[in-house]
Every structure is written in structure tokens, then in C-alpha cells.
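Here the structure is a predicted model, which is why all the values come from computation and not from measurement. Worth knowing before you read on, the calculation uses all heavy atoms, side chains too, and leaves out hydrogens, waters and symmetry mates. Numbers restart at 1 for each chain; the letters A, B, ... are given by sequence-line order, proteins then strands.
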Number of protein chains: 2
Amino acid sequence: MGSPLPRDPIAEARQNWERHGWGDVAAPMAAITAIMRTQQILLGRIETVLKPFGLTFARYELLTLLSFARSGALPMNKASALLQVHPTSVTNAVDRLEQAGLVARSPHPTDGRTTLIELTSGGRTMAKRATAALNAEVFGKSGFADDDVEHLLRVLGNFRKAAGDFTD
Amino acid sequence: MGSPLPRDPIAEARQNWERHGWGDVAAPMAAITAIMRTQQILLGRIETVLKPFGLTFARYELLTLLSFARSGALPMNKASALLQVHPTSVTNAVDRLEQAGLVARSPHPTDGRTTLIELTSGGRTMAKRATAALNAEVFGKSGFADDDVEHLLRVLGNFRKAAGDFTD
DNA sequence: TCCATACCCTTGGAAGTCCTAGTATATTGC
DNA sequence: GCAATATACTAGGACTTCCAAGGGTATGGA
């Protein structure tokens, strides 16, 4: 989306913050902006790999979650909670995956309010193939050193816990 | 959007990866997923703070970028490059900021293809206020220790550079 | 038992992102 | 000087996200 810039725009933002007397929060501002940008880059790579499969990241995540479910099926509200997205986003993703024949909706046996989503065999195959591609093209080539990966997991794990993601 | 989960869903995903024989990429997969989720949390906090100002993060970033421009005006393509978003996203943001009276479009004096965007006085005031709020409510309370901030800046800076964001 | 409350999912709307294509203006090469 | 190429912005469409609101189903207390 553009050739490399001559200077790091986030480093420049940090300097601007300091120049305006906000030096006390300039560093965390820069770190947060860097997280935003890194996410953008990673999401772009992921979507590029998934595009040939007709998948987006949101749909891939749901597919993978289902592939790990013991019974092969999950209530929609469970999926929403585990993926940490709004229930309407799950509705949307399921609509499209269902149209593509990768998942199926079925009524919950005892709770009439609940809808179960289940992988079709095609969906299971698709999940395997897409995961193999992502492992090879993105996760296996992240560019992060092993030490940095562990450090990221620790720091971001603490952050997510403090933000109330999980109690553990 | 949901109460805390009993277990960290990303740690669980990592275990699932390992169980399926993808142990060699399980750690970077988890780190990348953690970056995604952290970005989601941070963006949520930012948007909550900006909402009373009638701003979204995309519009705030543009407003702030303009407030740091020497001349107070920038060509749209420059803004697109510095914010590292698609040109159509800038068009969209400018449309709405213009409707709100915070920026104005003007033709470039010598290049007929180019449109300049300029802060209005109201836009300048808004940028100051919104930045003060974000500094107080988000950047000043990030929850990251100083050491972790420096580490994040280094690791993510290397990543962004390797991804071609800047040459420096 | 029955009504109020809580929960689950879906619809419709607003916002952001990107892509593709189209129009207008510059620049470059012959 | 003029045609071919490159650049700048915008229009329309697909996608995701969230919020607000609504209809259907469970559950629990009077």
C-alpha cells in the first residue's frame, strides 16, 4: 500500500508528543501505536493467505474453533465468548460459512433458545488446509525471534489478564 | 462483551496446536493471536474515550497528523502514506471530518490533481482536547511497565522495519 | 400456575477497511 | 507538441465490527 517511508512514523509521533510536553506518556503512546500497526500488517498477511480458500480471518477462526471442539459442535454464544467478539459477528460469519457449505446450524436438543453450529466434512477439510497454509506462510515466518515470542506472550498475557479477558 | 473466561483462550489454542503436531509454530501463532487481541482491547478503550468528542480513532489520527504538520495542511496522498492506510480510507475520514467542520479541503496551488486538507480552528481545538483525554485515560494507564514498553518498541520496531514500513 | 426477568439469536443501521474501476491532471519520451 | 504513461482522488461494492432493538425461550419467585 505504499513504499517504505524514509523515517519511522511512530518514532516521529513520539518525538512530537515529547515536543508538546507530553513526554510522560509518549513511550506508551508509541508502543500502543506500534501494536496497532503490527496487527494491521499481520492481518494483511493472514488475509492474503486465506483469500485463495475463500476465507476471511473471522471465518477461519470460527472454523478452527469448531475443529477443536470435542463434540464437533458449539452453541453460538460459546463461540462468541471464546472468540471474544460480538454475537452479531458470529451470526454474520456463520451465515457465510453456512452458504459455503462449511458449517451447519442445528437446534439445541434441550434449550430452544440456543443454536448449535457444527462443521461439515467439507468444513473440516477446509480448516486443515487453511491451517497448514497459515502455519507455513505466516506463523512459521513471523520474523520474531524465539526470545521475543516468549517475551510478547508474557507481556501481552499479563495485559489481557489485567483487562479482564480471563481469570485463570 | 462477556465476563472473564476461566482459562486463557490463547493458551488453549497453543496447546491445541501442539497436540496436532504443529508445535514448531505454536508459540508464534499464540504471540500473533495475542497481538490481535491486545489491539482489539486497546482500540476499544480508545474509541470509548473518543466517543464523547464525536470522533473515531481513524478520524482522530488524521486530525492529530494535521495538527503536527508545519504548514497545517497536507496533501491527501501524504496523509495516506503517513497513516499507512488506503487512500479511500482517507477520503472517507476527510468526508466526515469536513461535515463536522473540523477540516477543509482546498486545491493544491500548483498540482491540479492534488487536494490539500487543512485543520479548521475548531479542528485544532478538538485535536488538543481529544489528545488530552487519550493521554489521561489510555496512554497514561496502559498497564505496561516501563521496561515492557521499551521492549515492545524495540521488537515491534524491528518487525515493522522488516515488513517494509520504513527504511530509516 | 403465571408473570417478570434473564438469556439467545437475528435484523437493520452506522462505521471502518480494502479492492476495482473511473476521471482528471502531470510528466515523460518521441 | 502530442501521445503514452503515471499519479491523485473519488465512486461503488464487499467485508467485518459494533450497537440498538425485537421476538422467542427458560427460569424463578409469588
Side-chain angles (χ1 to χ4, degrees), chain A residues 1-3 36-37 39-48 50-63 74-100 103 105-117, chain B residues 1-3 36-37 39-48 50-51 53-63 73-100 103 105-117:
Chain A
M1 187 166 340
S3 37
M36 300 288 207
R37 174 60 185 156
Q39 186 267 354
Q40 190 181 11
I41 293 168
L42 289 168
L43 182 58
R45 290 185 189 174
I46 291 171
E47 303 256 66
T48 298
L50 291 178
K51 192 167 199 121
F53 298 97
L55 291 175
T56 63
F57 186 50
R59 300 182 213 165
Y60 167 77
E61 278 197 299
L62 181 51
L63 222 48
L74 276 181
M76 297 195 54
N77 64 336
K78 264 280 197 259
S80 168
L82 290 171
L83 296 175
Q84 312 195 89
V85 296
H86 202 276
T88 55
S89 298
V90 176
T91 296
N92 186 325
V94 171
D95 283 350
R96 296 168 196 280
L97 287 171
E98 197 172 30
Q99 281 187 338
V103 307
R105 280 182 168 93
S106 66
H108 190 285
T110 64
D111 190 332
R113 299 168 300 180
T114 299
T115 300
L116 294 175
I117 23 181
Chain B
M1 188 170 342
S3 38
M36 301 288 208
R37 175 59 185 155
Q39 186 266 356
Q40 191 180 11
I41 293 168
L42 289 168
L43 182 58
R45 290 186 189 173
I46 290 171
E47 303 256 68
T48 298
L50 292 178
K51 192 169 199 118
F53 298 98
L55 290 176
T56 63
F57 186 49
R59 300 183 216 163
Y60 167 77
E61 278 197 298
L62 182 51
L63 224 46
L74 276 181
M76 297 194 56
N77 62 337
K78 265 284 197 251
S80 168
L82 291 171
L83 295 175
Q84 313 195 86
V85 296
H86 201 277
T88 55
S89 298
V90 176
T91 297
N92 187 327
V94 171
D95 283 350
R96 295 168 196 282
L97 287 171
E98 196 172 30
Q99 281 186 338
V103 307
R105 280 181 167 92
S106 64
H108 190 285
T110 64
D111 189 332
R113 298 168 300 179
T114 300
T115 300
L116 294 175
I117 23 182

(message) Distance check needed: D:dC9 C1' versus B:I117 CD1, whole Å only.
(response) 11 Å
(request) Quantify the bending of the helix from C:dT1-D:dA30 to C:dC30-D:dG1 as the angle between its end axes, each fitted on five pairs, to 10°. (result) 10°
(message) So if I define the base as every atom that isn't primed, P, OP1 or OP2, how would nucleotides 6-13 of chain C read as a B/S/- string at a heavy-atom cutoff under 4.0 Å?
(response) -BSSBB--
(request) Please list, chain by chain and in numerical order, all residues satisfying side chain to side chain donor-acceptor pair (under 3.5 Å) with B:R96, sequence neighbours excluded. (result) B:N92
(message) Run the side chain to side chain donor-acceptor pair (under 3.5 Å) test against B:S106 and tell me which residues pass, sequence neighbours left out.
(response) none
(message) How many whole angstroms separate atom CG of B:L74 from atom C1' of D:dA8?
(response) 15 Å
(message) Can you list everything that forms a salt bridge (charged side-chain N to carboxylate O under 4.0 Å, His left out) with B:R59? Sequence neighbours excluded, please.
(response) none
(request) Mind jotting down which residue pairs meet the salt bridge (charged side-chain N to carboxylate O under 4.0 Å, His left out) criterion with at least one end in residues 76-93 of chain A? Sequence neighbours excluded, please. (result) none
(message) So, using side chain to side chain donor-acceptor pair (under 3.5 Å) as the criterion, who are the partners of B:T88 when residues are at least two apart?
(response) B:H86
(message) Return whichever of A:T110 or A:E61 has its heavy-atom-nearest nucleotide of DNA chain D closer to the 5' end.
(response) A:E61
(request) Could you state the atom-to-atom distance from CD1 of B:I46 to C1' of C:dG16 in whole Å? (result) 15 Å
(message) Could you check whether any side-chain heavy atom of B:Q84 comes within less than 4.5 Å of a side-chain heavy atom of A:I41, counting everything from C-beta outward?
(response) no
(request) Grab the CD-P distance between B:Q84 and C:dC18 for me, whole Å please. (result) 11 Å
(message) Any side-chain N or O of A:Q40 below 4.0 angstrom from OP1/OP2 of C:dC18?
(response) yes
(message) Does C:dA15 have OP1 or OP2 under 4.0 Å away from a side-chain N or O of B:T56?
(response) no
(request) Mind calculating the distance between CZ (B:R96) and C1' (C:dA14) to the nearest angstrom? (result) 8 Å
(request) Could you state the atom-to-atom distance from CZ of A:F57 to C1' of D:dT16 in whole Å? (result) 13 Å
(message) Quick check: do B:N77 and B:V90 have side-chain heavy atoms less than 4.5 Å from each other?
(response) no
(message) Applying salt bridge (charged side-chain N to carboxylate O under 4.0 Å, His left out), can you list everything that pairs with B:E98, at least two apart in sequence or on another chain?
(response) B:R105
(request) Round to a whole Å and report the spacing from CG of A:L62 to P of D:dT16. (result) 11 Å
(request) Rounded off to whole Å, could you give me the CD-to-C1' distance for the B:Q39 and D:dC18 pair? (result) 14 Å
(request) Please list, chain by chain and in numerical order, all residues satisfying side chain to side chain contact (heavy atoms under 4.5 Å, CB included) with B:A58, sequence neighbours excluded. (result) B:T56
